[in-house]
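One structure below.
Numbers for residues simply follow the sequence, beginning at 1. Because only heavy atoms are used, hydrogens play no part in the values below, and waters and symmetry mates are left out as well, while side chains stay in.
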Amino acid sequence: MVRLSAIQLCSSPNVSENLAAITTELALLTPADEHIVVLPECCLFFGAADQGQLSLAIQTNESAELVNGLAALAVKFHVYLVAGTIPLITAAGDKFTNSCCVFSPLGQLISQYDKIHLFDVEVADNEKNYLESKYTQAGKALKLADTPSIRLGLSVCYDLRFPELYRQLRNQGADIICVPSAFTCVTGAAHWQALLQARAIENQVYIIAAGQTGKHANGRKTWGHSMIISPWGEILSCQPSGQGSVSASFDRAELESIRASMPVSKHNQFTTELISYE
């Protein structure tokens, strides 16, 4: 049996505190032969000024503290850990990538996805505006990760608004798409669930969405509502608020049945070869 879980956090600007919170939640999960666990965006450092992420990336570049801490948790709890995102310094040293690292139960880094779409917007909350691109370098490549039974597609937060990315992950064989996030309360209340269900339905994949929740050290408020959604768009489990987790079982037979009964991928006419402009 393949078990799917999403852990919801109210992360702080303190790496040790956040590692402890993740450890607590991992210890509460029911063990499984193959267990995929997704953490939220910015799982080890959140709630400080944007420049704080850059400072952390610079400080931990040589020690690999963030990567090693998460890899150790994957080993301790014998899970495939989709470790939300952490800031990793770029070669130029002036920005960081918002990187989703996937670890095997042996602690191996089996994939790393750098968030492609950066959140540069104005929102009607206490922050008023967000400018991720000031300190973050956008990724440029799709990334997937393979377990013995599953192919995982990787995305992060704002990526959710770009269905083209999800279609490409599905075309590359994704069975599940992970969505570590830190949605604001304003955008979360309006769009979070609708977008997640749409991505699951249109691509006929499981969605594992792990969110930040509550009020953070800098006053920012995040939406929570971590959830697991079936390829038919059903919400299998949801944690509206507070630290905690949600879990569900992966059903290969159901996935294949849905795809066979409504073969959306085969029917799709909007491939690169077919599109023409007149």
> If only atom types and distance count, is the side chain of Asn203 paired as donor or acceptor with the main-chain N or O of Arg199 below 3.5 Å?
Replying inline: yes
> For Glu34, which residues count as a side chain to side chain donor-acceptor pair (under 3.5 Å) partner, sequence neighbours excluded?
Replying inline: Thr147, Ser149
> Between Leu4 and Leu255, is there a shared hydrophobic cluster once you connect ILVMFWY residues whose side-chain heavy atoms come closer than 4.5 Å?
Replying inline: yes
> Can you tell me how far CD1 of Ile258 sits from OG of Ser230, rounded to the nearest 0.5 angstrom?
Replying inline: 5.5 Å
> Are any of the side-chain heavy atoms of Cys42 and Gln53 separated by less than 4.5 Å?
Replying inline: yes
> Where do Phe183 and Cys157 come nearest, in terms of heavy atoms and distance?
Replying inline: CD1-SG, 3.6 Å
> Are Glu25 and Val37 side-chain neighbours, meaning at least one heavy-atom pair lies under 4.5 Å?
Replying inline: no
> Do Ser257 side-chain atoms and Ala253 backbone N/O form a donor-acceptor pair below 3.5 Å?
Replying inline: no
> Do Gln112 and Asp114 have a side chain donor and acceptor closer than 3.5 Å?
Replying inline: yes
>> Pair Arg170, Val205 - check side-chain contact (heavy atoms from CB on, under 4.5 Å), show working.
In response: CA-CA 8 Å; Arg170 170 67 182 92; Val205 295; 3.8 Å; yes
> Hey, would you say the Phe250 and Tyr206 ring centroids sit under 6.0 Å apart?
Replying inline: yes
> Any donor and acceptor pair, going by atom type alone, linking the side chain of Trp223 with main-chain N or O of Gly211 inside 3.5 Å?
Replying inline: no
>> Count I, L, V, M, F, W, Y as connected when their side-chain heavy atoms are under 4.5 Å apart, and connections chain through other members. Are Val186 and Leu160 then in the same cluster?
In response: no
> Quick one: do Leu26 and Leu70 end up in the same hydrophobic cluster if we chain Ile, Leu, Val, Met, Phe, Trp and Tyr together by side-chain heavy atoms under 4.5 Å apart?
Replying inline: yes
> Under 3.5 Å, is there a donor-acceptor pair between the Glu65 and Thr60 side chains?
Replying inline: no
> Step by step, would you call Ile176 with Ile207 a side-chain contact (heavy atoms from CB on, under 4.5 Å)?
Replying inline: CA-CA 6 Å; Ile176 297 168; Ile207 293 286; over 6 Å; no
> Shared ILVMFWY cluster between Val38 and Leu73, side chains joined below 4.5 angstrom?
Replying inline: no
> Roughly how far apart are Leu56 CG and Ile58 CD1, rounded to 0.5 Å?
Replying inline: 9.5 Å
> Sub-3.5 Å donor-acceptor pair from the side chain of Ser181 to the main-chain atoms of Val179, do we have one?
Replying inline: yes
> Does a side chain donor of either His216 or Ser11 reach within less than 3.5 Å of an acceptor in the other side chain?
Replying inline: no
> With no hydrogens and no angle check, is any side-chain donor or acceptor of Ser104 less than 3.5 Å from a backbone partner on Leu109?
Replying inline: no
> How about Ile110 and Asp146: do any of their side-chain heavy atoms sit closer than 4.5 Å?
Replying inline: no
> Are His267 and Met262 close enough that some pair of their side-chain heavy atoms sits under 4.5 Å apart?
Replying inline: no
> Do Arg161 and Leu195 come close enough that some side-chain heavy atom pair is under 4.5 Å?
Replying inline: yes
>> I'd like to check the salt bridge (Lys or Arg N to Asp or Glu O under 4.0 Å) partners of Arg259; sequence neighbours left out, ordered by chain and number.
In response: Asp175
> Which atoms form the tightest heavy-atom contact between Leu81 and Ala74, and what is the distance?
Replying inline: CB-CB, 4.0 Å
>> Is there a side-chain contact between Val82 and Cys178 in this structure, where contact means two heavy atoms from C-beta onward sitting under 4.5 Å apart?
In response: yes
> Between Ala200 and Ile229, which heavy-atom pair has the shortest distance, and what is it?
Replying inline: CB-CG2, 3.7 Å
> Roughly how far apart are Asp251 CG and Glu256 CD, rounded to 0.5 Å?
Replying inline: 9.5 Å
> Would you say Arg151's side chain and Gln172's backbone share a donor-acceptor pair under 3.5 angstrom?
Replying inline: yes
> Hey, what do you get for NZ (Lys134) to CD (Glu132), rounding to the nearest 0.5 Å?
Replying inline: 13.5 Å
> Distance only, no hydrogens: is a donor on one side chain within 3.5 Å (strictly under) of an acceptor on the other, for Gln243 and Gln8?
Replying inline: no
>> Check whether Asn218 reaches the backbone of Arg220 with its side chain - one donor and one acceptor, N or O, closer than 3.5 Å.
In response: yes
> Which atom names give the shortest non-hydrogen contact between Asn18 and Cys43, and what distance separates them?
Replying inline: CB-O, 3.4 Å
> Given Phe103 and Gln108, is the side-chain contact (heavy atoms from CB on, under 4.5 Å) satisfied, shown in steps?
Replying inline: CA-CA 5 Å; Phe103 301 95; Gln108 300 163 319; over 6 Å; no
> According to the interplanar angle, ranging from 0 to 90°, do the rings of Phe119 and Tyr130 count as parallel (below 30°), tilted (30 to 60°) or perpendicular (above 60°)?
Replying inline: tilted
>> Less than 4.5 Å apart, side chain to side chain, heavy atoms only: is that true for Val2 and Ile36?
In response: yes
>> Check this for me, if you would: do Glu41 and Lys115 make a salt bridge, where the nitrogen-to-carboxylate-oxygen distance has to be below 4.0 angstrom?
In response: yes
> Does Val79 belong to the same Ile/Leu/Val/Met/Phe/Trp/Tyr cluster as Leu39, with side-chain heavy atoms less than 4.5 Å apart forming each link?
Replying inline: yes
>> Is any side-chain heavy atom of Glu17 closer than 4.5 Å to one of Leu19?
In response: no
>> To the nearest 0.5 Å, what is the distance between CG on Leu44 and CG on Asn14?
In response: 10.5 Å
> Centres of the Phe162 and Tyr166 rings: under 6.0 Å?
Replying inline: no
> Where do Val264 and Asn268 land on the side-chain contact (heavy atoms from CB on, under 4.5 Å) test, with the steps shown first?
Replying inline: CA-CA 6 Å; Val264 174; Asn268 182 19; 5.5 Å; no
> For Asn98 and Thr136, does a side-chain donor sit closer than 3.5 Å to a side-chain acceptor?
Replying inline: no
>> Any side-chain to backbone donor/acceptor pair from His225 onto Pro240? Under 3.5 Å, distance only.
In response: yes
>> Test your reading of the model: is there a side-chain donor-acceptor pair from Gln137 to the backbone of Thr97, 3.5 Å cut-off?
In response: no
> Looking only at heavy atoms, what is the nearest atom pair of Ser245 and Leu29, with distance?
Replying inline: OG-CD2, 3.4 Å
>> Tyr113: which residues meet the ring-ring contact (aromatic ring centres under 6.0 Å, His included) condition with it, sequence neighbours left out?
In response: none
>> Measuring from atom CD1 of Ile235 to atom CE of Met227, what distance do you get when rounded to the nearest 0.5 angstrom?
In response: 4.5 Å
>> Could you check whether any side-chain N or O of Thr222 sits under 3.5 Å from a backbone N or O of Gln212, counting only pairs where one atom can act as donor and the other as acceptor?
In response: yes
> Taking all non-hydrogen atoms of both residues, which atom of Leu88 and which atom of Cys101 are closest, and how far apart?
Replying inline: CD1-SG, 4.3 Å
